[in-house]
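Both counts, for ligands and for their atoms, begin at 1 and track the order of listing.
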Amino acid sequence: MEQVYWNPTMETMPREQLRALQNERLRDVVRRVYEHVPFYRNKMQQLGITPNDIHGVEDLHLLPFTEKQDLRNNYPFGLFAVPQSEIVRIHASSGTTGKPSVAGYTSGDVDRWAELMARAMYCANVGKSDIVQVAYGYGLFTGGLGAHQGAGKLGATVIPMSSGNTQRQIMMMREMGATMLCCTPSYATHLGETIREMGLEPGKDIHLKAGCFGAEPWTEEMRKQIEELLGINAYDVYGLTEIAGPGVGFECVAKHGMHVSEDHVIPEIIDPVTEQPLPYRTPGELVFTTITKEGMPMLRYRTHDICTLDDTPCECGRTLVRMGRITGRTDDMIVVRGVNVFPTQIESVLVGLEGVAPHYLLVVDRVHSADTLEVQVEMTEDMVSDTVSHIQGLARTIHERIKSVVGISTDVKLVAPKSIPRSEGKAKRVIDKRKL
Ligand code: DLL
């Protein structure tokens with residue numbers, strides 16, 4: 001039988017056996033941070049617990065949470081569990097305010113992360129004979145190097161493009177015959193549109209067959225759009241600097257949620273307000289405990305990403321739980337006239353609709369003490385030359401559909417093609433003028 005798993009032992013381990021492994025690794029990491037990270041020792045002492053109280057996953061709820069702010073307070077190396085001389089790599093995620101959060105990786109951490117990303121890419125059918133174009137940014141952001149290491153582990157040929165320089169990306173993709181693309185979904189859309197504008201045809205001029213896209217929320221509608229534009233299979237991949245980078249969650253052929261490599265991390269879903277763990281298939285905030293990281297282990301790290309976890313068996317045969325698509329972040333949510341709105345809800349309405357391009361921007365403001373939400377969406381070239389009444393009709397349709405999804409009236413503004421800035425990395429979907 002054709003091997004469909006990069007690491008069959010770990011990816012299909014019976015759950016009881018996996019639980020035993022997690023218990024052992026959890027006890028080990030709790031002991032390590034207690035001994036080597038004053039922040040965790042203090043937190044545990046405040047809670048009146050010692051490593052002896054943690055026998056396994058059933059005791060996870062006793063452990064303290066870790067917040068992004070804790071990383072900032074201990075900036076830059078305060079949460080490292082090993083001497084700095086053992087750290088071989090630093091990554092950081094750019095915060096909009098204050099200090100970035102810094103993560104340090106030992107050589108073993110880098111290897112394990114490459115393993116996670118190799119699992120993800122292998123799922124997308126990438127192997128030794130593939131040519132992987134990495135168009136995530138290289139640098140402190142984990143996307144570029146994360147995808148690079150994963151492809152390297154599979155023995156694939158890597159084109160380390162980094163993000164941006166779209167014409168050059170397409171030239172390389174075409175001339176090198178890239179078969180796999182790694183970048184943000186918003187940049188994949190931009191690349192796909194530019195390929196079409198250049199008169200190039202996927203399948204004939206461009207030989208991509210798959211893509212691993214992540215680093216920002218995206219919808220099923222956006223997936224279809226990208227698959228059509230590039231003629232590929234598009235897979236979702238999830239990760240975050242504090243835990244490992246891309247590869248923490250990865251989609252299989254079923255494309256029904258991302259498997260979490262539970263031999264390296266323990267995921268939980270909690271109610272973001274009460275902080276109580278929630279059962280499988282209930283949406284809430286995703287929390288991770290790393291159980292194999294050496295450099296900067298994290299206990300119950302609050303991601304602020306919203307999704308569900310599902311332990312029902314997957315048709316691919318992996319026993320690892322699946323996390324659903326990220327529908328938003330608790331801090332991405334915009335509250336307009338008391339109603340919670342996530343950009344992905346609006347995206348699901350807009351993308352794929354006849355007459356509009358998959359580029360949009362939400363502008364929130366407060367006028368005469370009332371919140372307003374303007375939804376700017378680009379028209380296609382065809383639509384621009386259509387009649388005024390058709391354009392108005394399209395705006396009305398969008399308005400009604402958004403209203404039925406989010407429950408509030410918005411100002412829909414159809415804007416000229418290419419007027420919304422394109423992103424090469426994570427797209428900016430919201431401008432909240434109330435916060436300026
Ligand atoms: O974005 C790591 C990454 C790179 C993941 C490339 C996937 C591909 P950070 O910059 O630390 O790390 O940002 C992490 O990005 O908490 C989510 O809010 C968001 N995010 C990451 N992947 C996804 C995804 C990288 N597949 C933050 N869907 C996370 C939705 C995602 N949001």
Side-chain angles (χ1 to χ4, degrees), residues 66-68 71-72 90-96 99-103 105 113-114 116-117 119-121 123-124 132-151 162-163 180-188 211-220 222-223 226 234-251 255 257-261 265 267 272 283 285-288 290 296 298 301-308 322-333 342-345 347-348 423-430:
T66 311
E67 283 278 5
K68 207 176 188 74
L71 272 80
R72 297 203 179 109
I90 296 287
H91 279 285
S93 71
S94 50
T96 39
K99 302 258 185 238
S101 29
V102 169
Y105 305 71
W113 172 20
L116 298 188
M117 202 50 203
R119 291 182 192 178
M121 289 173 138
C123 252
V132 179
Q133 182 150 339
V134 180
Y136 285 118
Y138 279 65
L140 288 175
F141 174 55
T142 52
L145 281 163
H148 186 108
Q149 293 158 180
S162 198
S163 59
M180 161 82 169
L181 175 65
C182 298
C183 62
T184 57
S186 51
Y187 194 46
C212 271
F213 306 117
E216 62 187 7
W218 55 311
T219 54
E220 275 309 308
M222 188 65 92
R223 186 208 307 268
I226 293 172
Y235 296 92
D236 200 357
V237 63
Y238 171 86
L240 62 168
T241 316
E242 297 83 344
I243 302 300
V248 174
F250 58 95
E251 259 184 343
K255 292 188 186 162
M258 292 174 273
H259 290 284
V260 177
S261 282
V265 294
E285 181 183 335
L286 185 60
V287 170
F288 283 112
T290 65
M296 198 180 80
M298 289 276 105
Y301 182 70
R302 293 190 58 169
T303 66
H304 291 277
D305 291 322
I306 299 162
C307 70
T308 53
R322 283 166 292 161
M323 50 181 277
R325 256 184 198 290
I326 304 290
T327 51
R329 291 181 51 79
T330 51
D331 43 14
D332 243 16
M333 186 176 80
F342 288 102
T344 48
Q345 292 178 298
E347 180 177 303
S348 68
S423 97
E424 294 170 352
K426 296 180 191 249
K428 185 166 174 54
R429 305 289 195 196
V430 181

Any N or O of [X] that comes nearer than 3.5 Å to an N or O of ligand 1?
X      : answer
Thr303 : no
Trp218 : no
Ala215 : yes

With under 30° as parallel and over 60° as perpendicular, where do the rings of His91 and Trp113 fit, or are they tilted in between? perpendicular

Between Phe250 and His259, what is the ring plane arrangement, given parallel below 30°, perpendicular above 60°, and tilted in between? tilted

Measuring from atom 12 (O) of ligand 1, which candidate in Leu240, Leu140, Val134 has the nearest non-hydrogen atom? Leu240

On a heavy-atom basis, I'd like to know which of Gly425, Gly239, Ser93 is closest to atom 14 (C) of ligand 1. Gly239

Among all protein non-hydrogen atoms, which one is nearest to [atom], and what is the separation to 0.1 Å?
atom                    : result
atom 11 (O) of ligand 1 : Thr241 OG1, 2.5 Å
atom 31 (C) of ligand 1 : Glu216 N, 3.5 Å
atom 8 (C) of ligand 1  : Tyr136 OH, 3.3 Å
atom 27 (C) of ligand 1 : Lys426 NZ, 4.0 Å

Interatomic spacing from CD in Gln133 to SG in Cys183 - rounded to 0.5 Å: 9.0 Å

One should read off an interatomic distance between Met222 CE and Phe213 CZ, to the nearest 0.5 angstrom, of 11.5 Å

Consider only side-chain N and O atoms of Thr344 and Thr219, and report whether a donor and an acceptor are under 3.5 Å apart. no

Looking at ligand 1, would Gly146 count as a contact under a 4.0 Å heavy-atom criterion? no

Arg325 to ligand 1, any heavy atom closer than 4.0 Å: no

Decide, yes or no, whether a salt bridge links Glu220 with Lys255 under the criterion of side-chain N to carboxylate O below 4.0 Å. no

So, using side chain to side chain donor-acceptor pair (under 3.5 Å) as the criterion, who are the partners of Thr241 when residues are at least two apart? none

Is there a donor-acceptor contact under 3.5 Å from the side chain of [X] to the main chain of [Y]?
X      : Y      : answer
Arg302 : Glu285 : no
Arg325 : Trp218 : yes
Tyr301 : Val287 : no

Atoms of ligand 1 close to [X] [distance to a heavy atom under 4.0 angstrom, numbered from 1]:
X      : answer
Asp305 : 16 (O), 17 (C), 18 (O), 29 (C)
Gly214 : 7 (C), 8 (C), 26 (N)
Asp236 : 24 (C), 26 (N)
Arg329 : 16 (O), 18 (O)

